[in-house]
Amino acid sequence: MKTIAIAGATGAVGMQMLECLKERNINVHIKLLASARSKGKVIDGHIVEELTEESFKDVDYVLGACENDVTKRWMPWAKKAGCIVVDNSSAFRLDEDTPLVVPEINAEDISKNNGVIANPNCSTIIALVACDALKKEFGIKRMIVTTMQAVSGAGVKGIHDLETQIIDPNAPKEAFPYQIAYNLIPQIGDFDDLGITKEEWKMQNEGRKIWHDQDLLVNCTCVRVPVLRSHSESITLECEKEVDVQRAREVLKDALGVQLKDDPEHLIYPMPLSTTNQDDVFVGRIRKDVSDPTGKTLSLFCCGDQIRKGAATNAVQILEKLLERN
Ligand SMILES: NC(=O)c1ccc[n+]([C@@H]2O[C@H](COP(=O)([O-])OP(=O)(O)OC[C@H]3O[C@@H](n4cnc5c(N)ncnc54)[C@H](OP(=O)(O)O)[C@@H]3O)[C@@H](O)[C@H]2O)c1
């Protein structure tokens, strides 16, 4: 039986990974790793071990769920031990020899790995799953995206900030620079000289790699909102061909990993609460952009649980593909 280590097992993504392995009946030996702070904690009957240089010796695959700096530190140890790593941090996503994979879109890239396969950014996964079938149908040249990102996207500290500030708005801030309860913050990540944040660049840079389309253009604004879980995105697509709303609905109905929730007359559309703790990406509010006289622009709204499909589920799906092959 193969041994899988979850590095960062006590975090928002790591704990979800453990749940995903269990609910998908993946029959493996599981090892939970985290910082020294968590050593000895018991999660679902597994004792958490401190992640050290020796941790990977008996491990076949690693599911990485740590921040970039921590991941960069342990990655050489995992590689030296011969493990294959599916990593959630952004540390290796754009490396040439690291496939960046959304299994519904580019599962074939997994085989090009050199020991590491990266999970894309959570908002990027959700947007690309929502738009992949539309890209095939109409050809997407440019995306204009506004993300509304849940606090759990910033890990357990983000959840804690919202939960404590809802009760006491003056509670200490751990994850965000401003109060997030009863507020929203139009900044995720550091700004560059152009006034664009690192998080905002990910949609274009990672989108180009996953879709194998270096011409893709993305204008993205990332906003943190006081929602516990499930990211929402307002997306406008400038396409090569004229768009058709009915045809868009048809192709999305059959798209892998997508659930169409688009019946405005009956108030049916995706929302974070109704998409929380589910693996699919939900798409609705599909409409033609009437401000474009060429008829080639389509707008939509989508939601996806970013701890599941935006992180843990996507990683476990990649692991399943690896296990099938070996
Ligand atoms: N949250 C999301 O929705 C989401 C979505 C996509 C990608 N990601 C990415 O996934 C990664 C994990 O995110 P998260 O939200 O789960 O973060 P988190 O809740 O803050 O969890 C971080 C994990 O890293 C562990 N850790 C910290 N320092 C460590 C050390 N020195 N050695 C070993 N383990 C250490 C923590 O263990 P302790 O509990 O012992 O400190 C914890 O298990 C990040 O790279 C994040 O960008 C997150």
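Values reported hereafter were calculated over all heavy atoms of this structure, with side chains retained and with hydrogens, waters and symmetry mates removed. Both ligands and their constituent atoms are indexed starting at 1 by order of listing. These numbers come from a predicted model, not from an experiment.
For ligand 1, the atoms sitting less than 4.0 Å from at least one non-hydrogen atom of V156 are 19 (O), numbered in the order shown with element in parentheses. For ligand 1 and R37, the ligand atoms under 4.0 Å from any heavy atom of the residue are 27 (C), 28 (N), 41 (O). Each of the atoms 3 (O) of ligand 1 lies under 4.0 Å from some heavy atom of I307. In summary, the atoms of ligand 1 found under 4.0 Å from a heavy atom of S38, numbered by their order in the structure, are 38 (P), 39 (O), 40 (O). Near T10, meaning under 4.0 Å from one of its heavy atoms, ligand 1 places the atoms 36 (C), 37 (O), 38 (P), 39 (O), 40 (O), 42 (C), 43 (O).
Tested against I117 for a side-chain contact (heavy atoms from CB on, under 4.5 Å), the candidates V85, T98, L322 yield a single pass: L322.
Checked by distance only, ligand 1 and G14 stay at 3.5 Å or farther apart across all their nitrogen or oxygen atoms. The shortest N/O to N/O separation between N68 and ligand 1 does not fall below 3.5 Å. Between A154 and ligand 1, no pair of N/O atoms sits closer than 3.5 Å.
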For this session: Begin with the C-alpha distance, continue with both residues' side-chain angles, and end with the deciding distance and a verdict on side-chain contact (heavy atoms from CB on, under 4.5 Å) for C131 and I235.
Result: CA-CA 9 Å; C131 296; I235 303 181; 4.1 Å; yes
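Here Q306 has heavy atoms under 4.0 Å from ligand 1 in both its backbone and its side chain. With a heavy-atom cut-off of 4.0 Å, S152 touches ligand 1 through its backbone alone. When heavy-atom distances to ligand 1 are checked against a 4.0 Å cut-off, A9 comes that close only through its backbone atoms N, CA, C and O.
Within the structure, the ring pair (Phe, Tyr, Trp, His ring centres under 6.0 Å) test picks out no pair touching residues 214-269 (sequence neighbours left out). Every pair tested for salt bridge (Lys or Arg N to Asp or Glu O under 4.0 Å) that includes a residue from residues 164-190 fails, sequence neighbours excluded, so the list is empty.
The closest side-chain heavy-atom distance from M148 to S234 is below 4.5 Å.
In summary, E240 and K296 do not engage in a salt bridge, as defined by a charged side-chain N under 4.0 Å from a carboxylate O.
A donor-acceptor pair shorter than 3.5 Å cannot be found between the side chains of Q306 and S230.
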